[in-house]
Asker: 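Mind having a look at this structure? Questions to follow.
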Amino acid sequence: MVGGSIPVFDEIILSTARMNRVLSFHSVSGILVCQAGCVLEELSRYVEERDFIMPLDLGAKGSCHIGGNVATNAGGLRFLRYGSLHGTVLGLEVVLADGTVLDCLTSLRKDNTGYDLKQLFIGSEGTLGIITAVSILCPPKPRAVNVAFLGCPGFAEVLQTFSTCKGMLGEILSAFEFMDAVCMQLVGRHLHLASPVQESPFYVLIETSGSNAGHDAEKLGRFLEHALGSGLVTDGTMATDQRKVKMLWALRERITEALSRDGYVYKYDLSLPVERLYDIVTDLRARLGPHAKHVVGYGHLGDGNLHLNVTAEAFSPSLLAALEPHVYEWTAGQQGSVSAEHGVGFRKRDVLGYSKPPGALQLMQQLKALLDPKGILNPYKTLPIQA
């Protein structure tokens, strides 16, 4: 997404793929301790066999390593319910630039002794140290998972549906995703996936996870009745069996794949105030006109995270000039973030100033100089060339 793990000039690649052992799992607390090279999907399988789940889930789960997830502070589809890795990671083992092994691999939920050093490495993209082992808190596996897929007549209704949803579903709400009509058209055209509801300007996917199937289905049913009756939603479908749940999630998870088949893709991953989340999509459609093939918006509405994508037949310098820095300036004007979950890497290092003040950038440079004075850890990434 941002070239964070891609060698650009003279780097040496270090792989942790063979560091793939589970070191321990505690069946009462749900605390998993494992090496950094464990693949997320394999860890998911391991803890699910023991009636727990990983606190994060993302499209790349079949290949991504937990160490990389932590180093990039990966977000994903369970963020709304379980929060970020800054909260679920309890401890880390990290190798510093001078070879020192920093053993902060604690399994304690509470530890107020001095600075919380692990937080420095979560989201640092390998620029301050190499994560070699992780201690992470896994939530109990929900006994009942329901998914509802709804059509909404406008973005205002999407927002109202979200508010109503939080009020009526409360503690069982685990995901609230949205996508626009163009996303659905592209998923249909390129991947031949059919919409389960009538054509709408916006679509919403709601997931609930709980311990009582009957109670959860009843709550979701009441919510759907209210949403349809009040005009927030024009059409909807619900799934409880695993096959249909997977089918509905595919409509949201495979948007990236459909976009890549549509042409060259300009990708932006923004955090914005939820009420302004879609305004940039409307703004860009007017700004770019026929120069763009499609401008789409989708993402994790529950987290205020928009995936803004623009497709064109081929890469165009003039289209890029119309997009940047306009998208970043617009985001900064809303006090948003130019990278919600994809990180900074190589591509976004020089736009960090749109989301962070000069004082913060200077402190980041000082931390980098302290922990990696020779600049050998993931060089050329994450920080601007000059703060």
Side-chain angles (χ1 to χ4, degrees), residues 1 4-6 13-95 101 103-107 118 121-126 129-145 147 174-175 207 209 242-243 245-250 252-254 256-257 300 341-343 378:
M1 293 294 186
S5 58
I6 295 166
I13 299 171
L14 184 147
S15 169
T16 59
R18 288 166 68 184
M19 299 178 71
N20 59 1
R21 284 190 305 123
V22 169
L23 303 175
S24 67
F25 181 73
H26 199 284
S27 59
V28 175
S29 63
I31 295 166
L32 171 75
V33 182
C34 63
Q35 292 181 312
C38 292
V39 172
L40 179 60
E41 192 166 47
E42 287 167 17
L43 289 178
S44 286
R45 259 198 300 272
Y46 178 89
V47 297
E48 278 179 34
E49 284 166 7
R50 289 154 180 82
D51 277 339
F52 286 82
I53 59 167
M54 292 299 287
L56 77 159
D57 180 30
L58 47 152
K61 58 180 167 261
S63 58
C64 63
H65 294 177
I66 191 67
N69 296 151
V70 174
T72 55
N73 189 26
L77 305 165
R78 289 182 181 154
F79 192 97
L80 177 66
R81 178 72 171 269
Y82 302 115
S84 86
L85 291 170
H86 280 292
T88 51
V89 170
L90 302 177
L92 292 176
E93 180 188 78
V94 181
V95 177
V101 178
D103 184 358
C104 292
L105 201 59
T106 175
S107 292
K118 70 175 180 289
F121 303 98
I122 300 170
S124 66
E125 303 185 16
I130 296 158
I131 294 169
T132 49
V134 177
S135 169
I136 190 165
L137 182 65
C138 299
K141 183 180 176 180
R143 291 207 176 94
V145 175
V147 169
S174 54
E207 183 190 76
S209 309
Q242 206 50 38
R243 192 189 57 81
V245 163
K246 278 194 167 131
M247 191 188 82
L248 293 177
W249 264 114
R252 163 62 185 86
E253 284 190 301
R254 295 185 68 190
T256 307
E257 191 185 334
H300 318 293
E341 63 179 5
H342 292 166
N378 211 4

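Counting from 1, the numbers follow the sequence of the chain as shown. Every value quoted in this text rests on a predicted model; they were computed, and no experiment measured them.
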Asker: Between SG of C64 and CG of N69, what distance do you get to the nearest 0.5 Å?
Answerer: 4.0 Å

Asker: Mind jotting down which residue pairs meet the salt bridge (charged side-chain N to carboxylate O under 4.0 Å, His left out) criterion with at least one end in residues 17-46? Sequence neighbours excluded, please.
Answerer: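 For residues 17-46: none.
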
Asker: Can you see which heavy atom on T106 is nearest to which on L90, and at what distance?
Answerer: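 In this case the closest contact between T106 and L90 is CG2-O, 3.2 Å.
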
Asker: Is the backbone of M54 close enough, under 3.5 Å, to the side chain of S44 for a donor and an acceptor to pair up by distance?
Answerer: no

Asker: Would you mind reporting whether S135 and I31 have side-chain heavy atoms less than 4.5 Å apart?
Answerer: yes

Asker: Less than 4.5 Å apart, any side-chain heavy atom of M19 and any of T132?
Answerer: yes

Asker: For I131 and V134, which heavy atoms make the closest approach, and how far apart are they?
Answerer: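 The answer is CG2-CG2, 3.9 Å.
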
Asker: Within the structure provided, determine whether P142 and I53 are in side-chain contact (heavy-atom separation under 4.5 Å).
Answerer: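 SC-SC contact between P142 and I53 confirmed.
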
Asker: State, with a plain yes or no, whether a side-chain heavy atom of N20 is found less than 4.5 Å away from one of V39.
Answerer: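 The answer is no, as the side chains (C-beta and beyond) never meet within the 4.5 Å cut-off.
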
Asker: Between atom CZ of F121 and atom CD of E93, what is the distance when rounded to the nearest 0.5 Å?
Answerer: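 Those atoms lie 11.5 Å apart.
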
Asker: Considering non-hydrogen atoms only, spot the tightest contact between C138 and L32 and give its length.
Answerer: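 The pair with the smallest heavy-atom distance is SG-CB, 4.0 Å.
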
Asker: Let me confirm one number: the SG-CG distance from C34 to L43, rounded to the nearest 0.5 Å.
Answerer: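 Answer rounded to 0.5 Å: 4.5 Å.
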
Asker: Against I130, only a single residue in L14, N378, V94 fulfils side-chain contact (heavy atoms from CB on, under 4.5 Å); can you say which?
Answerer: L14

Asker: Can you see which heavy atom on S107 is nearest to which on V33, and at what distance?
Answerer: OG-CG2, 3.6 Å

Asker: Kindly compute the distance separating CE (M1) from CD1 (I6), expressed to the nearest 0.5 Å.
Answerer: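 Reported to 0.5 Å precision, the distance equals 11.0 Å.
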
Asker: Return yes if some donor-acceptor pair links the side-chain N/O of R81 with the main-chain N/O of S209 below 3.5 Å, else return no.
Answerer: yes

Asker: List the atom of Y82, the atom of T88, and the distance in Å for their closest heavy-atom pair.
Answerer: O-CG2, 3.7 Å

Asker: Looking only at non-hydrogen atoms, find the nearest pair between S15 and A17 and report the distance.
Answerer: OG-N, 3.1 Å

Asker: Might you work through the side chain to side chain contact (heavy atoms under 4.5 Å, CB included) test for N73 and S84, ending with a clear yes or no?
Answerer: CA-CA 7 Å; N73 189 26; S84 86; 4.1 Å; yes

Asker: With rounding to the nearest 0.5 angstrom, report the NZ to CG distance, K118 to L105.
Answerer: 11.0 Å

Asker: Can you check whether H300 reaches E341 side chain to side chain, under 4.5 Å on heavy atoms?
Answerer: yes

Asker: Side chains of Q35 and T16: closer than 4.5 Å at any heavy-atom pair?
Answerer: no

Asker: Is there a side-chain contact between I136 and L85 (heavy atoms, below 4.5 Å)?
Answerer: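 A side-chain contact under 4.5 Å exists here.
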
Asker: Determine whether R78 and L56 make a side-chain contact, defined as any pair of heavy atoms from C-beta on separated by less than 4.5 Å.
Answerer: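 R78 does not reach L56 side chain to side chain.
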
